[in-house]
Amino acid sequence: MGPRLLTLTERNSRDELSLEIGSRLRAMRQSQGKSMQEVSDESGVSKAYICEIEHGQAHVTVAILNKWVEALGWTLGGFFGYLERRLRQ
């Protein structure tokens, strides 16, 4: 049996979460005055992929997210705590 297809509601929730994650990563990067190229150089994640994630056009993996937040001086736990607080507002 193949993978289960997402319902429209599940797909919309997943897309909204991707947008939120991208938006928060962009805000964190900009608050530090870093360009996409600087984060790319420090994390090894391509600038094009960073742009896609920040604009909610791609889903980020945990491995890529870890590289990205470390380039911003954060931990995954710290990022998820930050994201959770922002989502509860």
Side-chain angles (χ1 to χ4, degrees):
M1 183 169 179
R4 181 178 72 82
L5 296 177
L6 296 176
T7 67
L8 184 57
T9 301
E10 289 170 326
R11 196 171 315 130
N12 287 342
S13 293
R14 184 175 173 189
D15 291 344
E16 287 175 21
L17 183 57
S18 289
L19 281 168
E20 188 64 30
I21 289 171
S23 173
R24 295 299 163 204
L25 288 167
R26 182 174 55 251
M28 289 167 59
R29 176 181 59 75
Q30 290 174 336
S31 74
Q32 293 183 20
K34 290 189 176 187
S35 68
M36 285 185 196
Q37 188 61 56
E38 289 172 311
V39 173
S40 175
D41 293 344
E42 294 172 18
S43 67
V45 179
S46 77
K47 182 181 169 185
Y49 193 42
I50 288 172
C51 184
E52 289 176 2
I53 293 167
E54 284 190 358
H55 291 93
Q57 298 168 342
H59 299 288
V60 65
T61 66
V62 173
I64 296 294
L65 182 59
N66 188 51
K67 290 178 182 183
W68 193 334
V69 299
E70 282 184 351
L72 296 173
W74 286 61
T75 64
L76 273 178
F79 175 74
F80 284 124
Y82 167 75
L83 184 61
E84 180 180 24
R85 286 188 301 278
R86 301 301 274 170
L87 290 172
R88 290 179 187 238
Q89 291 180 350

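All residue numbers in this chain count up from 1 along the given sequence.
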(request) Can you measure from CZ (Arg24) to CD1 (Ile21) and round to the nearest 0.5 angstrom? (result) 11.0 Å
(message) For a quick test of reading the model, state the closest non-hydrogen atom pair linking Leu83 to Glu20 and the distance between them.
(response) CD1-CG, 3.8 Å
(request) Report the distance from atom CD1 of Ile50 to atom CD of Glu38, rounding to the nearest 0.5 Å. (result) 10.5 Å
(message) For the CZ atom of Arg29 and the CH2 atom of Trp68, what is their distance to the nearest 0.5 Å?
(response) 7.5 Å
(message) Please report the interatomic distance CG(Asn66) to CZ(Phe79), rounded to the nearest 0.5 Å.
(response) 11.5 Å
(request) Quick one: which residue pairs count as a salt bridge (Lys or Arg N to Asp or Glu O under 4.0 Å) with a foot in residues 77-89, not counting sequence neighbours? (result) Glu84-Arg88
(message) Holding to side chain to side chain contact (heavy atoms under 4.5 Å, CB included), I want the full list of residues that pass it with Ser31, two or more places apart in sequence or in another chain.
(response) none
(request) Return the set of residues passing side chain to side chain contact (heavy atoms under 4.5 Å, CB included) with Ala58 (not counting sequence neighbours), or none when no residue passes. (result) Tyr49, Glu52, Ile53
(request) Could you tell me which residues satisfy side chain to side chain contact (heavy atoms under 4.5 Å, CB included) with Gln37, sequence neighbours excluded, listed by chain and number? (result) Ser35, Ser40, Asp41, Lys47
(request) Supply the atom-to-atom distance Glu54 CD to Met36 CE, rounded to the nearest 0.5 angstrom. (result) 4.0 Å
(message) To the nearest 0.5 Å, what is the distance between CD on Gln57 and CG on Leu19?
(response) 9.0 Å
(message) So, using ring-ring contact (aromatic ring centres under 6.0 Å, His included) as the criterion, who are the partners of Phe80 when residues are at least two apart?
(response) none
Show which side-chain atoms of residues 70-77 pair as donor or acceptor with protein atoms under 3.5 Å away, not counting sequence neighbours.
| residue | atom | partner | partner atom | Å |
| --- | --- | --- | --- | --- |
| Thr75 | OG1 | Gly78 | N | 2.9 |

